[in-house]
Amino acid sequence: MTAGDLVAQALKARTRAYAPYSGYQVGAALLTEDGDVILGCNVENAAYPATICAERVALTAAVAQGKRRFTALAVATRNGGSPCGTCRQVMAELGPAMVVYIADESGAYRTTTVRDLLPDSFDSDNLHP
Ligand code: THU
């Protein structure tokens with residue numbers, strides 16, 4: 001699975017977004033260590049705070065499917081928007097070593113890492129020093 005393949009999967013997931021309020025569709029494709037790809041899209045709600053971001057849909061669905069080890073995450077939006085702070089925290093919890101591809105709707109992407117997106121994160125070491 002190349003970076004371009006994973007971005008293509010995120011673009012596919014984006015077509016499934018439920019975003020009637022913002023009109024901002026987001027797709028995510030999460031690559032597991034054993035090569036599986038789990039998709040996520042944003043799912044909005046009339047009670048706005050109940051909205052779930054695409055990245056957290058993919059990560060939490062993966063955990064529910066018994067997957068715990070991830071190597072990469074691709075995120076696709078219309079304009080290459082960057083993951084929100086809450087999603088960065090969840091990425092740091094579940095996939096601290098992941099590479100992250102941030103793509104726009106053309107499929108152009110930039111490459112970063114969870115560590116660069118959220119340095120000095122709060123983690124389990126803080127709870128159990
Ligand atoms: N959104 C995501 O899915 N991921 C992010 O990292 C940022 C924001 C969604 C939430 C909402 O449905 C829409 O984008 C506008 O904020």
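One-based numbering along the sequence shown. Counting starts at 1 for both ligands and their atoms, in listed order.
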Atom 7 (C) of ligand 1 [closest protein heavy-atom partner, distance rounded to 0.1 Å]
Cys84 CB, 3.9 Å
Please indicate whether any nitrogen or oxygen in Ile52 is less than 3.5 Å from any nitrogen or oxygen in ligand 1.
no
If the plane angle is over 60° it's perpendicular, under 30° parallel, otherwise tilted; pick one for Tyr21 and Tyr48.
tilted
Using a strict cut-off of 4.0 Å, indicate which atoms of ligand 1 neighbour a heavy atom of Ala54.
2 (C), 3 (O)
Has ligand 1 got any nitrogen or oxygen that is less than 3.5 angstrom from a nitrogen or oxygen of Glu55?
yes
In ligand 1, the atoms that come under 4.0 Å of a heavy atom of Tyr24 are 13 (C), 14 (O)
Side chains of Thr113 and Met98 in contact at under 4.5 Å (non-hydrogen atoms):
no
re atom 9 (C) of ligand 1, the protein heavy-atom contact at minimum distance is Asn42 ND2, 3.6 Å
Assess whether atom CG of Asp120 is packed by more than 12 heavy atoms of other residues, nucleotides or ligands within 6.0 Å.
no
Side-chain donor/acceptor of Asp104 to backbone N/O of Ala76, under 3.5 Å:
no
How long is the straight-line distance from OG1 of Thr15 back to CD of Glu105, given to the nearest 0.5 Å?
13.0 Å
Report the nearest protein non-hydrogen atom to atom 15 (C) of ligand 1: residue, atom name, distance rounded to 0.1 Å.
Ser22 OG, 3.7 Å
Before accepting this row, confirm whether a basic side-chain N of the pair Lys67/Asp36 lies closer than 4.0 Å to the acidic partner's carboxylate O.
yes
Protein heavy atom under 4.0 Å of atom 4 (N) of ligand 1:
yes
Protein heavy-atom partner closest to atom 8 (C) of ligand 1 - residue, atom, separation in Å:
Cys53 SG, 3.9 Å
For atom 12 (O) of ligand 1, the closest protein heavy atom turns out to be Glu44 OE2, 2.5 Å
Can you check side chain to side chain contact (heavy atoms under 4.5 Å, CB included) on Asn42 and Tyr18, steps first, answer last?
CA-CA 6 Å; Asn42 53 333; Tyr18 176 72; over 6 Å; no
Would you say the side-chain atoms of Arg88 pair up with the backbone N or O of Pro83, donor to acceptor, closer than 3.5 Å?
yes
Can you sort out which atoms of ligand 1 are near Pro83, meaning under 4.0 Å from one of its heavy atoms?
6 (O)
